[in-house]
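Reckoned from all heavy atoms, side chains included, excluding hydrogens, waters and symmetry mates.
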Amino acid sequence: MKFELEIISEELLPAIRSLLATELSTSYGMNQSEIARKLELTQPAVSNYLTGSRANQEIREKISDDPQIQILIEDAAGKAAKDENYAEEVSQIIWNIRDRGLIKEHFTDTEKIL
């Protein structure tokens with residue numbers, strides 16, 4: 001048995017961070033070190049997110065294809081670029097993904113603890 005939070009931390013957050021890093025790189029022209037500072041990650045972690053080795057590509061593609069999620073990614077990246085808190089946007093992304101069933105197969109047989 002897995003907890004829902006494990007799916008979020010192991011599957012969703014890496015995909016979201018990968019999309020945020022990509023958005024900061026493409027839309028804001030940031031290099032890996034700048035992205036790392038904005039997202040409070042290490043430069044090697046950003047490299048892994050950008051090359052796709054740190055996120056489940058199936059999940060990344062599913063959530064990036066959703067227009068509502070894409071808007072939230074853009075909003076979060078915009079806030080991160082201005083050194084503003086983007087936690088609310090990430091929260092909205094997670095709950096949108098879960099509640100709309102975008103990766104429902106990953107949440108089967110999980111237990112909620114919150």
Side-chain angles (χ1 to χ4, degrees):
M1 167 185 67
K2 276 195 166 191
F3 293 108
E4 196 174 67
L5 287 174
E6 289 177 288
I7 301 302
I8 291 168
S9 67
E10 295 170 5
E11 304 281 344
L12 285 184
L13 282 176
I16 292 166
R17 285 181 173 147
S18 176
L19 292 170
L20 286 171
T22 301
E23 183 69 20
L24 289 170
S25 175
T26 57
S27 295
Y28 295 90
M30 293 184 187
N31 64 38
Q32 291 181 9
S33 295
E34 291 168 323
I35 295 167
R37 189 177 58 75
K38 299 290 185 181
L39 299 181
E40 298 183 23
L41 301 168
T42 65
Q43 179 277 319
V46 170
S47 175
N48 288 333
Y49 286 126
L50 290 172
T51 61
S53 64
R54 198 163 188 162
N56 180 316
Q57 292 306 300
E58 175 191 338
I59 291 174
R60 188 183 188 283
E61 287 176 24
K62 275 187 178 180
I63 65 176
S64 70
D65 288 342
D66 185 275
Q68 188 174 356
I69 300 301
Q70 188 57 41
I71 289 168
L72 290 168
I73 291 288
E74 290 167 6
D75 290 347
K79 284 190 170 185
K82 294 185 280 187
D83 292 322
E84 295 176 3
N85 187 327
Y86 59 94
E88 181 60 34
E89 286 73 14
V90 171
S91 246
Q92 287 178 15
I93 292 165
I94 291 167
W95 300 128
N96 267 282
I97 291 167
R98 191 200 67 190
D99 293 345
R100 294 174 49 222
L102 294 179
I103 59 166
K104 63 183 172 208
E105 65 278 6
H106 292 270
F107 284 101
T108 56
D109 299 324
T110 59
E111 295 290 328
K112 290 184 180 183
I113 57 174
L114 294 180

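- For Glu10, the side-chain contact (heavy atoms from CB on, under 4.5 Å) partners are Lys2, Glu6, not counting sequence neighbours.
- Inter-residue side-chain proximity for Ser25 and Ile35 is flagged as met; some heavy-atom pair is nearer than 4.5 Å.
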Using a 3.5 Å cut-off and no angle test, enumerate the donor-acceptor pairs between side-chain atoms of residues 72-83 and protein atoms at least two apart in sequence or in another chain.
from	atom 1	to	atom 2	distance (Å)
Glu74	OE2	Gln70	NE2	3.4
Lys79	NZ	Glu89	OE2	2.9
Asp83	OD1	Lys38	NZ	3.1
Asp83	OD2	Lys38	NZ	3.3

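- Of all heavy-atom pairs between Ser9 and Pro14, the closest is O-CD, 3.4 Å.
- The side-chain contact (heavy atoms from CB on, under 4.5 Å) search around Ser91 returns Trp95, not counting sequence neighbours.
- Of all non-hydrogen atoms in Leu19 and Ser64, the two that sit nearest each other are CD2-CB, 3.6 Å.
- Taking the side chain to side chain donor-acceptor pair (under 3.5 Å) definition, one finds that Glu88 meets it with Gln92, sequence neighbours left out.
- Panel note: side chain Glu34, backbone Asn31; a donor-acceptor pair is recorded below 3.5 Å.
- Side chains of Leu41 and Tyr49 form a contact here, defined as non-hydrogen atoms less than 4.5 Å apart.
- For Ser27 (side chain) and Leu24 (main-chain N/O), no donor-acceptor pair under 3.5 Å exists by modelled atom type.
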### Task
Begin with the C-alpha distance, continue with both residues' side-chain angles, and end with the deciding distance and a verdict on side-chain contact (heavy atoms from CB on, under 4.5 Å) for Ile63 and Ile16.
CA-CA 8 Å; Ile63 65 176; Ile16 292 166; 4.2 Å; yes
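- Atom CG of Asn48 sits about 9.0 Å away from atom CD of Gln43, to the nearest 0.5 Å.
- To the nearest 0.5 angstrom, Ile93 atom CD1 is 12.5 Å from Ile8 atom CD1.
- With contacts defined as side-chain heavy-atom distances shorter than 4.5 Å, the pair Asp66/Ile97 does not qualify.
- Checked against side chain to side chain donor-acceptor pair (under 3.5 Å), Thr22 has the following partners two or more places apart in sequence or in another chain: Arg60.
- For the salt bridge (charged side-chain N to carboxylate O under 4.0 Å, His left out) test, no residue two or more places apart in sequence or in another chain qualifies with Glu23.
- Here the CD-OG distance, from Gln57 to Ser18, works out to 6.0 Å after rounding to the nearest 0.5 Å.
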